[in-house]
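Below: one structure, written as structure tokens.
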Amino acid sequence: MGILWGKWQNDSSDPKSERLKPIEGFHPDPEKCITQIANQARLDWWYEELKFFDPTYRIGGHIDGQVDLARIDWLHSNWLKIKKDPQAAMREVSREPVDERNLINLEIKTCGSYPFENLIDSDSLPEYYKMQAEIYQKMTGVKKTVFWYICRDNMESKLILYEYTGRWWKDAERKAKIIWRAIRDETLPTSAMACITPKDKRAKECAFRGPCW
């Protein structure tokens, strides 16, 4: 939709055309992309998600993308324009000025009506999403993440901005140390377990409940 910033790989649908070099930035032709998606045609450009890996703690992952908050906020606030004429909306959002220093991480999430209604601000985000955000923030050096939540029941959406605190990254570090030490010593990482007894809900649903208990 013209808001993702990053590396785009060319995969032209025209067999006679030359394969273009990857580009860094926003989608080179968002209007054509929308038409291709609407017609279920092969896409000319594919977005390459940013992958990363920390060799010290052996933690890796990939973010959904990076965006300029002004552009994503414009799209969120003008969804009626997008619905009426997506091509025109893309031309308009493409005129939004961009400063690479203002790019932030993007996480797209879907949920049902009940959790959607209870999402108010960053404090109401699930703790595991806060940890995910801080791991990705630490890896990318970007201290802000925008969660774009979409309700599966009615397709409403909302934006929640989460800023780095360091708390959840420290917790991830702690757990990584315990887990890799346990693998090295071939012992169960009991001090990091979320389950206290075999009757815990998590334990009952775990495939490794038998060996643990």
Side-chain angles (χ1 to χ4, degrees), residues 1-79 81-110 129 131-150 155 157 159-164 169 172:
M1 297 294 288
I3 65 168
L4 284 177
W5 176 278
K7 183 181 290 185
W8 295 88
Q9 301 283 354
N10 177 249
D11 188 18
S12 178
S13 57
D14 184 356
K16 296 181 181 179
S17 65
E18 291 186 17
R19 192 183 186 91
L20 302 177
K21 292 181 179 180
I23 65 166
E24 189 85 13
F26 291 108
H27 194 292
D29 193 350
E31 291 185 55
K32 184 178 181 182
C33 178
I34 292 171
T35 302
Q36 289 173 332
I37 291 173
N39 296 329
Q40 297 184 340
R42 185 176 178 179
L43 299 177
D44 287 346
W45 294 92
W46 291 90
Y47 183 75
E48 185 176 307
E49 291 184 349
L50 178 62
K51 300 179 178 65
F52 42 81
F53 181 76
D54 185 293
T56 302
Y57 302 104
R58 285 175 274 188
I59 299 174
H62 57 86
I63 57 176
D64 290 336
Q66 289 190 320
V67 297
D68 183 281
L69 188 57
R71 286 196 175 201
I72 199 171
D73 191 46
W74 189 96
L75 290 175
H76 182 257
S77 303
N78 292 275
W79 63 273
K81 286 185 178 181
I82 299 168
K83 187 175 181 180
K84 182 178 180 180
D85 191 341
Q87 282 82 2
M90 289 310 94
R91 287 192 293 270
E92 189 167 345
V93 77
S94 295
R95 291 194 289 268
E96 287 288 315
V98 176
D99 186 339
E100 289 186 42
R101 295 171 297 180
N102 294 332
L103 293 175
I104 64 174
N105 295 342
L106 168 70
E107 284 297 322
I108 301 173
K109 305 295 183 185
T110 61
Y129 282 161
M131 179 177 285
Q132 179 192 26
E134 293 210 3
I135 289 173
Y136 294 175
Q137 289 169 344
K138 184 72 175 182
M139 301 293 183
T140 60
V142 176
K143 300 303 184 182
K144 293 182 181 180
T145 298
V146 60
F147 284 88
W148 194 339
Y149 268 91
I150 301 169
M155 296 308 292
S157 71
L159 301 175
I160 296 179
L161 187 65
Y162 181 82
E163 299 193 39
Y164 184 80
W169 167 250

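Computed from a predicted structure; not experimentally measured.
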Quick one: closest heavy-atom pair of P30 and M90, and the distance?
-> CB-CG, 4.3 Å

dist L4:CG -> L50:CG (nearest 0.5 Å) comes out at 12.0 Å

Shortest non-hydrogen pair, A133 vs F147, comes out as CB-CZ, 3.8 Å

Give, for atom CG of L106 and atom CD of E49, the distance between the pair rounded to the nearest 0.5 Å.
-> 10.0 Å

Working to the nearest 0.5 Å, report the span between CG of L159 and OG of S77.
-> 7.5 Å

Taking the side chain from Y47 and the backbone from W5, do they hold a donor-acceptor pair closer than 3.5 Å?
-> yes

SB check K143 E163 (cutoff 4.0 Å) = no

Residues, nucleotides or ligands: over 12 heavy atoms within 6.0 Å of K83 NZ = no

Exam field: side chain D54 to backbone T56, donor-acceptor pair closer than 3.5 Å = yes

Do side-chain atoms of N10 reach the backbone of D44 as a donor and acceptor pair under 3.5 angstrom?
-> yes

Sequence neighbours left out, what passes ring-ring contact (aromatic ring centres under 6.0 Å, His included) with Y162? Give chain and number order.
-> none

Please list, chain by chain and in numerical order, all residues satisfying ring-ring contact (aromatic ring centres under 6.0 Å, His included) with W74, sequence neighbours excluded.
-> none

On a heavy-atom basis, the closest approach of K7 and P22 is CG-CB, 4.0 Å

Evaluate side chain to side chain contact (heavy atoms under 4.5 Å, CB included) for H27 paired with W8, printing each intermediate quantity in order.
-> CA-CA 7 Å; H27 194 292; W8 295 88; 3.3 Å; yes

I59 versus F53: any side-chain heavy-atom pair under 4.5 Å?
-> no

Verdict with supporting geometry, L103 and L69, side chain to side chain contact (heavy atoms under 4.5 Å, CB included) = CA-CA 7 Å; L103 293 175; L69 188 57; over 6 Å; no

Any luck finding a side-chain donor-acceptor pair between E31 and Q87 under 3.5 Å?
-> no

Answer yes or no: is there an ion pair linking E107 with K109, defined by an N-O contact shorter than 4.0 Å?
-> yes

Please tell me if the side chains of V146 and V67 come closer than 4.5 Å, counting only heavy atoms from C-beta onward.
-> yes

Measure the OG1-CZ distance between T140 and F52 for me, rounded to the nearest 0.5 Å.
-> 6.5 Å

What are the two closest non-hydrogen atoms of I23 and F26, and how far apart are they?
-> CD1-O, 4.0 Å

Spacing of CD1 belonging to I160 relative to OG1 belonging to T145, to within rounding of 0.5 Å | 12.5 Å

Where the side chain of N39 meets the backbone of T35, is there a donor-acceptor pair that is under 3.5 Å apart?
-> yes

Measure the CG-CE distance between N105 and M139 for me, rounded to the nearest 0.5 Å.
-> 12.0 Å

Would you sort out whether S157 and Y149 count as a side chain to side chain contact (heavy atoms under 4.5 Å, CB included), showing the intermediate values?
-> CA-CA 5 Å; S157 71; Y149 268 91; over 6 Å; no

Would you please test L75 and I3 for side chain to side chain contact (heavy atoms under 4.5 Å, CB included) and show each step?
-> CA-CA 9 Å; L75 290 175; I3 65 168; 2.8 Å; yes

